[in-house]
Structure formats: C-alpha cells, structure tokens
Novice: 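The structure is given below, and queries will be raised subsequently.
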Amino acid sequence: MKNGKSPGSDGLPREFYRTFWAIIGPDIRAVFEDAFQNGLLNQSQRLGMITLLPSLGTPWIPNKRPITLLNVDYKLLAKALCNRLALAMPHLVGDLQTCAVKGHCIQQNLWLMRDLTDFVIERDLPCALVSLDQQKAFDMVDRGFLMNVLETFQLHPFRKWISVLYERKFQFCYRKWVLFGGF
C-alpha cells in the first residue's frame, strides 16, 4: 500500500499502522486470529464507505464511478494473504498467465500479439483477433468456483481466509462527497 491513500471510516491511514506497528501489531494479529477462528471480521473491519468519484480526466462530466473505501486493517490482512499466496502462484498458474504473478510481465502479452500478427501476415493465414474487456472482471468472479480451486490445490487456510474476507455480512455507509462543485 502506498502512503497518502484514503484511510476508510476509522480515519487511520497506512502511516499510522507503520508508525505504531511495534505497539499495536500484536493486538492486530490477535484480532485477525480471532476473525479466523470465528469466521467473521469485527464490525469496523466489515464497514465500507461507498462514494462516487469522477472518472479520470472528466471531473465536470457526469461520469462518476463508485468506489468503496475500506479500513486499512482490512487491507493489511488482504495484502499479507496476497504476499503469502504470491509464493505459490508460479506453481498454480500457467506460464502464459502474466497478471498477478511475480516475475511475469504483462508486456509479454503485447510481445506475443506482435509475434503472432507477424507470423499470420508472413504466412498469409486466415486469422481473427478478439479483444475482451476485463474491466469488471473482479465483480464477475464466481466465488464458489474460487473456493473449489483453493480446495483442489489444498490451500485450506487461504480458503478459510477468503471466506472471512468475503463474508456477506458487510455494512455499507453511503457518503456524498462534494468535489468540483458538487454532484
């Protein structure tokens, strides 16, 4: 996580956790262990503030996108799990997967497309190029499928952690922020 990002509803930014980790770290870990045992994060960790932000470069056009601001302690837990899972990712996904795998570069997809295009043109082969928009891909994840994959690869603790993070007992707080003259 980067410094200077929105902290969420509790107002505690990343910098707070970094500065006071020696003092609060053991307590935060205990809270996470309790959440793991009970299968549910505490109420403040499940609180998300939803607001509308202008799309990039168009603050005056009524083209807003919703964003959920989550508390940093939730993000810390998710990041810690992500870092641990990253160690196993090269063994779980194919060599052609270039996103979210350390050591793989998404530019490899561009190079592959360039090479394929050259190959098709050079050999005068019939070809169709399909481009899929993955912008909302996360919203389309079938969580049951995700849990089955984690089970298949025997990643039982990660499966339970994902269940804890995605527990549907979320609370949302809608907040209207006045930006660029209001909404």
Side-chain angles (χ1 to χ4, degrees), residues 1-54 56 64-93 97 99-104 106 134-179 183:
M1 288 184 290
K2 297 179 181 177
N3 288 335
K5 297 291 185 177
S6 296
S9 63
D10 63 8
L12 299 175
R14 174 196 182 270
E15 295 85 348
F16 170 83
Y17 288 91
R18 186 166 179 83
T19 301
F20 296 106
W21 187 255
I23 299 168
I24 64 172
D27 292 328
I28 299 290
R29 281 193 282 263
V31 168
F32 290 157
E33 288 171 13
D34 184 63
F36 185 77
Q37 294 302 321
N38 295 321
L40 186 65
L41 293 168
N42 68 43
Q43 187 173 356
S44 72
Q45 291 169 322
R46 290 181 281 126
L47 181 64
M49 292 176 44
I50 299 174
T51 189
L52 292 176
L53 292 179
L56 294 176
K64 310 274 192 269
R65 60 184 174 88
I67 185 170
T68 304
L69 303 176
L70 300 171
N71 290 333
V72 173
D73 54 356
Y74 180 94
K75 293 178 185 180
L76 286 172
L77 174 58
K79 184 67 173 179
L81 292 171
C82 182
N83 287 344
R84 289 184 182 175
L85 191 57
L87 300 173
M89 288 297 282
H91 308 289
L92 300 176
V93 299
Q97 172 69 35
C99 181
V101 179
K102 190 173 184 169
H104 291 200
I106 202 161
Q134 297 283 319
Q135 182 178 2
K136 306 258 189 238
F138 180 78
D139 296 336
M140 305 306 284
V141 171
D142 180 340
R143 294 204 180 119
F145 176 77
L146 174 63
M147 294 303 169
N148 287 338
V149 168
L150 292 171
E151 188 71 30
T152 299
F153 284 104
Q154 299 179 358
L155 296 169
H156 306 294
F158 283 103
R159 187 179 191 278
K160 184 166 181 183
W161 274 120
I162 298 298
S163 294
V164 169
L165 287 173
Y166 287 126
E167 175 58 45
R168 293 191 185 269
K169 295 176 184 170
F170 255 91
Q171 290 183 305
F172 291 101
C173 172
Y174 298 93
R175 183 171 180 179
K176 181 178 174 181
W177 285 356
V178 178
L179 297 172
F183 288 79

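Computed from a predicted model, the values in this text were never measured in an experiment. FYI, side chains are in, hydrogens and waters are out, and symmetry mates aren't considered; it's all heavy atoms of this structure.
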Novice: Do you know which two heavy atoms are closest between Ser9 and Leu47, and how far apart they sit?
Specialist: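 Smallest interatomic distance, heavy atoms only, reads OG-CD2, 3.0 Å.
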
Novice: Does a side-chain heavy-atom distance below 4.5 Å link Leu12 with Val72?
Specialist: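 They are not in side-chain contact.
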
Novice: Grab the two heavy atoms, one from Asp73 and one from Tyr17, that are nearest each other, plus how far apart they are.
Specialist: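 Closest approach of Asp73 to Tyr17: CB-OH, 3.6 Å.
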
Novice: Starting at CG of Leu85, measure out to CD1 of Ile162 and round the result to the nearest 0.5 Å.
Specialist: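 If we round to the nearest 0.5 Å, Leu85:CG and Ile162:CD1 are 7.5 Å apart.
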
Novice: Got a second to check how far Leu70's CG is from Ser44's OG, nearest 0.5 Å?
Specialist: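 The distance works out to 11.5 Å.
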
Novice: So which atom in Leu77 and which in Leu41 form the shortest heavy-atom distance, rounded to 0.1 Å?
Specialist: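 In this case the closest contact between Leu77 and Leu41 is CD2-CD2, 4.0 Å.
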
Novice: Who pairs with Asn3 by side-chain hydrogen bond (donor to acceptor under 3.5 Å, both in side chains), at least two apart in sequence or on another chain?
Specialist: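 Partners of Asn3 under the side-chain hydrogen bond (donor to acceptor under 3.5 Å, both in side chains) test: Arg14.
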
Novice: Side chains of residues 146-156: which donor-acceptor partners sit under 3.5 Å, not counting sequence neighbours?
Specialist:
| from | atom 1 | to | atom 2 | distance (Å) |
| --- | --- | --- | --- | --- |
| Asn148 | ND2 | Gly144 | O | 3.4 |
| Glu151 | OE1 | Arg159 | NE | 3.3 |
| Glu151 | OE2 | His156 | ND1 | 3.3 |
| Thr152 | OG1 | Asn148 | O | 2.8 |

Novice: If you measure from CD on Gln45 to CG on Leu76, what distance do you get to the nearest 0.5 Å?
Specialist: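 Gln45 CD to Leu76 CG: 10.0 Å, rounded to 0.5 Å.
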
Novice: Name the atoms and distances for all side-chain donor-acceptor pairs under 3.5 Å in residues 18-36, with sequence neighbours left out.
Specialist:
| from | atom 1 | to | atom 2 | distance (Å) |
| --- | --- | --- | --- | --- |
| Thr19 | OG1 | Glu15 | O | 2.8 |
| Asp34 | OD1 | Asn38 | ND2 | 3.0 |
| Asp34 | OD2 | Asn38 | ND2 | 3.2 |

Novice: Determine which pairs satisfy side chain to side chain donor-acceptor pair (under 3.5 Å) with at least one residue from residues 75-84, sequence neighbours left out, and list them in order.
Specialist: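 Every candidate side chain to side chain donor-acceptor pair (under 3.5 Å) pair involving residues 75-84 fails, so no pair, neighbours aside, qualifies.
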
Novice: Do Arg46 and Leu40 have side chains that approach each other closer than 4.5 Å (heavy atoms only, starting at C-beta)?
Specialist: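 Contact flag for Arg46/Leu40 side chains = yes.
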
Novice: Please answer whether the main-chain N or O of Asp10 pairs with a side-chain N or O of Asn71 as donor and acceptor at a distance below 3.5 Å.
Specialist: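 Checking the backbone N and O of Asp10 against the side chain of Asn71, a donor-acceptor pair under 3.5 Å is found.
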
